[in-house]
Every structure is written in structure tokens, then in C-alpha cells.
Amino acid sequence: MIVVMQYTATEDNIKKVIERLESEGFSTHLSQGVSRTIIGAIGDRTLIPGLAIEAMAGVEKVVPILHPYKLVSREFQEENSTIQLDKLVIGGKDIHVIAGPCAVESREQIIETAQAVKAAGATMLRGGAFKPRTSPYSFQGLQEEGLRLLAEAREETCLPVVTECMDVESLSIVSEFADIVQVGARNMQNFNLLKKLGTIEKPVILKRGMSSTIEEWLLAAEYIMASGNPRIILCERGIRTFENYTRNTLDLSAVPAAKNLSHLPVIVDPSHGTGRWQLVAPMSRAAVAAGADGLLIEVHLNPSEALSDGPQSLTLENFTSLIGELAVIAPVLNRQLAAACRD
Ligand code: PEP
Ligand code: MN
């Protein structure tokens, strides 16, 4: 449930409500907005009648949260969450384009790509070091060496680095190097990993599972937030349907749906969402029109030579022209493309 405090509530009123809730076995999450304070209380509501809390000094009302996810819900927090990463803000007016190869392949490749996508207008660098591949015989990523190369690319360009963590065991090393830790579609319901992500300081990009409903996706985000990390970015990356011309069916309706249900930023990955580079630019434009806070796009200097996902990777030339189009579309929606860091 949500305890909405009166405008006039004192610090002491707030403290007493929190103490009471916690003594009844609830975990509490304080949200201090510009005009009022809201206390989210997670636990068994039958243990404490709402009325008992409503009678406490400084309390305006007690509202049950009807959705199974609580902390990530729009009911819990009306305003959009913004995530600050140095000078970059995700979830505000700025739209971020995160670009780079599917996988880090070599020093030369990742540094050249980082410089090129930055020059084209990307604000963050993506690149997989630990790759979740369907076949055990496919390239599995450069692993720890890949993380070190991403860090070198960041040094060169100042672009923050987004990379995937596949399991609990590698989380400490991945979060040491990454600026944002990505949870892949295949791990969206790896609950132990989600709980552990709640304990790190870095923001998390949570991809939607390929067979997950929006509610399951938000519940996965709830695991991370309930474990202590509120800096979560949702990423729609396509779901499995009967259609097999595309690799996945990019569910762009999930963007406004998730934004209605949740206060978290939502980005879109049109590369995995379609599996075909020809569809990436149109779906990127549509994602921005649908209200996405950013895009995660695979770019390769030479897609035909890519060690993974070449067919869905944009060339630098196509990526550059896409950014030009997005810069025109964004202002129509009262948004703007974010500016990259300056080194
Ligand atoms: C990726 O972004 O590198 C990736 C593997 O994507 P997904 O988890 O969406 O398949
Ligand atoms: Mn990929």
C-alpha cells in the first residue's frame, strides 16, 4: 500500500509512520517528491488495517496498490524516474542512443566503433563481453578481456559503457567495468541475478524476456527495486510470435503501455527486435514516436564480417543517417537527442 503524507507532515510524523509500519513487518520505501512525501509499504496488508495508519498524525490517506508490482508502478510514483549518469540524464527530455557492436571482438574494433558512433551522435557505447549464444559452438565473447577493452574504449571516448551480465558469479567483475549493467532477455526471470542487481550501485537495463508479458517484465524490475536498486531502465527488444520473417516481433505498444503502468524509463532495441538491419531505422523512428527514452542499436564497422548478429547490424553510414532523422523527429515530440560527453 501507499501512505500519502499531508503537505504539512513533519519529519517526525514521517518517522513515526515508518517505524510503525516496520514494526508490523512491512518494508518501507520513502519517496520525497517536490510537494509531498509518499511511503510505499510492502508486506501483508492484512497484518495492519489501513485505518490504523490513516489515524496517525500527518497521514492524508492510505491507498492500496492494485498491481502485483508496487515500487515500479505509476501509482507508487507519479513522476517519471530519471537516472543520472555523470552529466547524462535518462528518462527526461533527452533521448539517448546507445550504439556499438553486438560483441566486443578486438581492441581495434571496439575503439574504432566507439569513436565512430560517438562522432555520429551516440551517447553510450554497447558491446557484449559475455554473450548468451543459442549454440555452444558460437562465439561466446571475449569475457573479461572484453570488459577491459570496453574500459579502454571509454577512456578514449568518455562514452559510458553498457554490457551484459549473464549470471550472479560474474556480476562483481561486470559491474566493476560497466557503467550500466544489461540483463539480457534470456535472464529476465533469473531471480537470483535480479536480487543481486538490487545490491549494486550501477544502473541496470532490464530487457524484456522474449516470451514475457509486460506484467512479468515489471515484476522482474520490481525484484531489482525491492532489493535496493531503483536505477532501472526497461528495454523492449521484441517477443516471440508466429511471425518468422523477423527474428522477433518488436512490440512497440509495450512502450506506452509500460510507461503508463510504470515510472521507469523505457528504451527500445530494434536490432534484436527485428533481426534485419533494413528494419532497424524505421523501427527506431517509430520507437521515438511511441515515446521511447532511448534506443539500443547494434552497429558494426563491417557487418558481413561480424562475429555475431551481422545481419541486424547497421553500418556506420546508415547509423549516421538514422541519427539525422531522429534529430528531426524528437523535437516534434518535445524531446531532443542527448549530447554526448566531452572529453
Ligand atoms: C544483446 O543486446 O546483446 C542481446 C543478447 O540481446 P537480447 O538479450 O535482447 O537477446
Ligand atoms: Mn546481438
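Each ligand, and each atom within it, is numbered from 1 in the order the structure gives. Remember, predicted model here, so these are calculated numbers, not experimental data.
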K.L.:
Sub-3.5 Å donor-acceptor pair from the side chain of E60 to the main-chain atoms of V4, do we have one?
P.N.:
no
K.L.:
Taking atom types as modelled and ignoring hydrogens, do the side chains of E305 and H300 form a donor-acceptor contact shorter than 3.5 angstrom?
P.N.:
no
K.L.:
For L218 and V72, work out which heavy atoms get closest and say how close.
P.N.:
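Minimum heavy-atom separation between L218 and V72: O-CG2, 3.7 Å.
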K.L.:
Measure from the Mn ion (ligand 2) to every N/O/S atom of E298 and report the name of the nearest one.
P.N.:
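The atom in question is OE2.
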K.L.:
What do you reckon, does K131 put a non-hydrogen atom under 4.0 Å from ligand 1?
P.N.:
yes
K.L.:
Out of M188, M210, Q182, K207, whose heavy atom sits nearest atom 7 (P) of ligand 1?
P.N.:
K207
K.L.:
Provide the number and element of each atom of ligand 1 under 4.0 Å from a heavy atom of G184.
P.N.:
8 (O)
K.L.:
Need the ligand 1 atom indices (1-based, order shown) with element for anything under 4.0 Å from a heavy-atom of R237.
P.N.:
7 (P), 9 (O), 10 (O)
K.L.:
Tell me the protein heavy atom at minimum distance from atom 5 (C) of ligand 1, and give that distance in Å.
P.N.:
E164 OE1, 3.7 Å
K.L.:
Tell me which one of H272, E236, R247 gets a heavy atom nearest to atom 4 (C) of ligand 1.
P.N.:
H272
K.L.:
For the Mn ion (ligand 2), which N, O or S atom of D309 is at the shortest distance?
P.N.:
OD2
K.L.:
Run the salt-bridge test on R20 and E24 with the 4.0 Å N-O cut-off and return the result as yes or no.
P.N.:
yes
K.L.:
Over 60° means perpendicular and under 30° means parallel, so classify the ring planes of H29 and F76, tilted if in between.
P.N.:
perpendicular
